[in-house]
Number of protein chains: 2
Amino acid sequence: MNAKVSSTRRLSPEDREKQILEGAIKFFAEKGFSGQTRELALQLGITQPLLYRYFPTKRSLIERVFNEVYINKLDPVWSEALTDRSQPLHKRLCDFYCNYSEATYRNEWIRIYMFSALMEEPLNKHYIGLVEEKILAPICIELRHYCGLPDIDINPIDQIELDHVWVMHGGLFYHAIRKHVYRSRVSSNFNEIVSRAVSTMLEGNKAIQH
Amino acid sequence: MNAKVSSTRRLSPEDREKQILEGAIKFFAEKGFSGQTRELALQLGITQPLLYRYFPTKRSLIERVFNEVYINKLDPVWSEALTDRSQPLHKRLCDFYCNYSEATYRNEWIRIYMFSALMEEPLNKHYIGLVEEKILAPICIELRHYCGLPDIDINPIDQIELDHVWVMHGGLFYHAIRKHVYRSRVSSNFNEIVSRAVSTMLEGNKAIQH
DNA sequence: GTTTTTATTTATCATCTGATAAACTGCAGT
DNA sequence: ACTGCAGTTTATCAGATGATAAATAAAAAC
C-alpha cells in the first residue's frame, strides 16, 4: 500500500525545495504559523534540520509561502473584462466571480489568508487595497451605469457605496470561509450561488435607486 | 498619568478571577491561542504562576474565555421578532441585524471566533448550526412569503436557498471581519449598510423570483 | 498585638522549539 | 573501485514555555 512515503531519497536541491515549500503551504494552512518545524518535517518525511538547509529561518519559509500562494493570482484580464460594456453586466460579474473564486477560494489560499490577517501580516492590507482598486471600484462604476445613476466624474465613489458592493463581494467570499475555515456543508454549485447573488444585487439596486 | 496599572494589590479571588478572564479575552483575541501565559500575566500586571491558582491549565482558561464570550449572546427574542408579520420584513431584518451586530460584531468576539474556527474548535460548528436554525431558515421562510412563493410545507428549504441567504448574512458579517480582522477603514454607519443590503436583497428577490 | 490564613511571588522543572555543527551517506566524476 | 562533493541525518544547544513547589507578605481572625 505504498507505505514508503517518497522516503528519504536524495533529491536535487530544486526538487527538495519545491517539495518543502508545497508541504509547508499545506502544513501552515492547516496549523497556522505557530505550527512547529519538527511536525512539518515529519509530515514531509524528512528530518527537521534539513529544512534549514533550504530556508535560513522559519520566518523566511513562511514568507516564501506567502509569495507562492498570493503572487500573481489576480489576473488583470479579469478586471478589464469587468468593464467591457459590450457584454451584459450580469454575465461580466458571473464570469469574473467564476474566475476569481477558482483562483482564490481554495483551501490553502483562504486559510493562510485568514491566519495572516489575524497575525497582522502586511500581505493582507496590500491585498485588500488591490481588491478595492481593481475589483470593487470598477464594479461600483459599472453598477452606477447599470442603474442610470450619475457618472463617477460628477460625484466620486464614497465609502458607503464601496461598502455596499463589499457586502456582495464579502458574502461570496464568506461562502469560501464557510467551506474551508468552518468546514461546513455548503452547496457545491457555486456558480448558481453567484448567479443568484448577482441577479439579486443588480435588480435590487435598479429597483431601489438610492 | 496613572502609571501604576491596578498594580500588585491583593484582590479577592472573585475579582482576580474576573480580571484574569477579561484580560485573557483581550489577550487571546489579539494574539490567538498560541499566545503565551507569561505575556498574558505581564499584560495583567501579575506574575505567571498566579494564573494557575485560578485556572488549572492554559486550556481551561481558554475554555472559560469561550464561555464568557459566546454564551447567551443570541437573544431568542430577536429571532422571534424576525417572524412577526405585523411588521414589514425590511424593518424586521434591519432591526435584527442592528441587535445582532451590536452583540457579535465586536473586536473580541469576531477575532476569537475566527481563531477558534481555524483551530477547529467545536464552538464554531455549534454556533453555525444555531445561526442556520434560528436565523437563516426563518429568513428563508419570510423571504418566500415576501416574494409570494410556495410555503415551506410544499417544498422544504434546500441548501441553495440557504446559501443564497448566507450571502447577505455573510456579507454583513464580513463587514465586521474587515473592521476587526483586516482592520480596514470601513464606513462607521453600519445601519446604512444594513438598510441598503436588506432593501437590495428584498427587491432583488422579488424582481427575479427564482 | 499576635497568630492564622491565603493571595502572591520567587525559584525551578521538564519539555518543547528554533536553530547549529558535526557525522554520515548516496552519487557523480575519474 | 576510489575519491570528493553535497544532500541528509544524528546529536546538541540555548532560550522559550506550561506547570509546580516553596517562600513571602498582606489581610483576617483572635
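Within every chain, numbering begins at 1; the chains are lettered A, B, ... in the order of the sequence lines, protein sequences first and strands thereafter.
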Does a nitrogen or oxygen in the side chain of B:Tyr54 sit under 4.0 Å from OP1 or OP2 of C:dA7?
no

Side-chain H-bond candidate by donor/acceptor type, B:Asp163 with B:Gln159, under 3.5 Å:
yes

Salt bridge B:Glu121-B:Arg59, side-chain N to carboxylate O under 4.0 Å
yes

Is the ring pair B:Phe173/B:Tyr105 parallel, tilted or perpendicular, if the boundaries are 30 and 60 degrees?
perpendicular

Between the base of D:dG18 and the side chain of B:Arg38, is there a donor and acceptor pair under 3.5 angstrom?
yes

Is there a side-chain polar atom (N or O) of A:Arg16 under 4.0 Å from OP1 or OP2 of D:dT8?
yes

Applying the side-chain contact (heavy atoms from CB on, under 4.5 Å) test to B:Leu143, which of B:Leu93, B:Ile157, B:Asn205 qualifies?
B:Asn205

So, are B:Lys18 and B:Glu14 salt-bridged, with charged N and O less than 4.0 Å apart?
no

Phosphate contact (D:dG18 OP1 or OP2) by B:Thr37 side-chain N/O below 4.0 Å
yes

Of A:Phe33, A:Tyr113, A:Phe28, the one forming a ring pair (Phe, Tyr, Trp, His ring centres under 6.0 Å) with A:Phe66 is A:Phe33

Taking only heavy atoms on the protein side, list every residue of residues 27-36 of chain B lying under 4.0 Å from any atom of DNA chain D, sorted numerically.
B:Gly35, B:Gln36

Of A:Lys58 and B:Gln48, the one whose closest nucleotide on DNA chain C sits nearer the 5' end is B:Gln48

Is any side-chain N or O of A:Arg53 under 3.5 Å from a base N or O of D:dT8, one able to act as donor and the other as acceptor?
no

